[in-house]
Each structure stands twice: as structure tokens, then as C-alpha cells.
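Below is one structure, written out as C-alpha cells, with a few remarks after it.
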Amino acid sequence: MSKIAILGAMEEEIEPIIAKLEGKKEHKYANNTYYEGRYAGKEVVVAYSKIGKVFASLTAATLIERFGCEKLLFSGVAGAINPQLQIGDLIIADKLCQHDLDITAFGHPDGFVPGGAVFVPTTDTLVTLGREVAKQKGITVKSGTIATGDQFIADPERKAWIEKTFNADALEMEGASVAVVCDALGVEFFILRAISDAADMGANFDFDAFLEKSAKVSADFILEMVQKLDG
Ligand code: ADE
């Protein structure tokens, strides 16, 4: 039976999943904790990486190379770019890019370095499964482009630049790095985000108030996908 990795960045994103594991075992490795167990009869390994592309890449590679996971599902929150996305709505990434990867000084497009690609597509079969789960739950889930960078975006100008440059629907801080790792290692992957904010808030926006609620929406959806995955 193939092992499934479930990854998030923050404790709030992953704790609702860890809480539901059966026969849970904890492994300490590379300054992090990996939770191995079963959910709906499937073997899963769950971790939160800490925020940002470097920690997310390390954790994704560890889940694959050390724990032998053959599929990876990412759960978490994102800032909305597309005005159709409201707080609490879900978005499935069909492709991801790194908005802060910049060697334009050498004539390359934003988000591109030689040997890479601006956009990394996610696995079609998992996107299809995600749409089926949404249909069964009777909810509308958008799919689109997610832009990733090592910056919390709370600035309308930066948000507008990311929208214009990558035609992105949402933004966050890990997805594209996980996509690069999974693509390079030949592992099927799925990136789901629930909207926590509009990436342009003023100082009095309470991010934490929406984080927990939206993180739970995403975690519940991911657990339903695990149930429906083949062995
Ligand atoms: N994740 C959730 N909201 C975000 C934002 N505004 N910027 C970056 N990552 C996020």
C-alpha cells in the first residue's frame, strides 16, 4: 500500500489532521516532528514544515525520501487575489509559480531560472479527485494558479503586481517549492488552500482570527480526499 504524505506549513493547518490519526507514532528528524499513522485504512505521514519555501522543500523531500511517501497532499491557507475568492473558500492549484524568484537582471522572465519553468503543474488525477470530493460535498471549489514567495503579502501594490505578472488567483508561501520537489522526484501531488485574507489588509486586520477557521476547512477536505484515494 502506498504511503500518503500530508503537509502544511503551520501547526494550525496540520493539527486537525494529526488529531485524527490512528496508531500515531512520532519521529523526530531534521529539526522537525513527523507523525506516522493511519487514516481511513491508509498509511499516512503528516508534518508541518514551518513557514516558507526552504522549510517546505526540506519537509516535502524528507516525506518522500526518508518516509517513502508516494503521493503528497498539501493543506493550508492563502491570500486571495481573484475577487471571486472569499474568506473560507477553497482553491485547488492547477499550477504554481514563485513570484519572488527574480533574475530579470539577466533578461529572464519573472519566476524563471535556467533549468526550471515559471509554472509547475499539479497532478491531473488528484485535481479531478478534488473536484469530485467538492461535488459530493455540494461546494464550489475554484481551481487556478497559486503564486508562492517568502513574503507575507499585505500590500495592494505587490498583490496587483503578482496578479498582473502571473495571472495568479491566490498567493501563499510554500506551494510552488513543494511542487518543484514533487515534480523532480516523480511524486503525485495536490495543493489545496482555504482563503484566510485578501493579501491587502491594513494593520487592524486580524489574520489569526481567520487562520484557524480556514485551516480547518482545508484540513477537513484533505481528509475526505485521503478516504477516496486508491490504496
Ligand atoms: N497565506 C495566507 N495569507 C497570506 C498572505 N497574505 N501572504 C502570503 N501568504 C499567505
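Whatever order the structure lists ligands and atoms in, that order sets their numbers, starting from 1.
Against a heavy-atom cut-off of under 4.0 Å, Ala199 is close to the following atoms of ligand 1: 6 (N).
In this comparison of Asp155, Ile162, Ile153, Ile51, the heavy atom closest to atom 7 (N) of ligand 1 sits on Ile153.
Residue-environment remark: CZ (Phe55) stays at or below the threshold of 12 foreign heavy atoms within 6.0 Å. Annotation: Lys228, atom NZ; neighbour count of heavy atoms from other residues, nucleotides and ligands within 6.0 Å is above 12. Sparse packing is recorded around NZ of Lys135, with 12 or fewer heavy atoms of other residues, nucleotides or ligands lying under 6.0 Å away.
For atom 4 (C) of ligand 1, the nearest protein heavy atom (residue, atom name, distance) is Phe152 CE1, 3.3 Å. In this structure, the protein non-hydrogen atom closest to atom 3 (N) of ligand 1 is Asp197 OD1, 2.6 Å.
Side-chain contact of His27 with Arg66: a donor-acceptor pair under 3.5 Å is absent, judged by distance alone. Side-chain atoms of Glu26 and Thr33 include no donor-acceptor pair closer than 3.5 Å.
With sequence neighbours excluded, the residues forming a ring pair (Phe, Tyr, Trp, His ring centres under 6.0 Å) with Phe112 are His108, listed by chain and number.
Of the polar atoms of Gly79, at least one N or O is found under 3.5 Å from an N or O of ligand 1, judged by distance alone.
Contact annotation: for Ser196 versus ligand 1, heavy atoms closer than 4.0 Å belong to the side chain alone.
Heavy-atom distances between Arg193 and ligand 1 stay at or above 4.0 Å for every pair.
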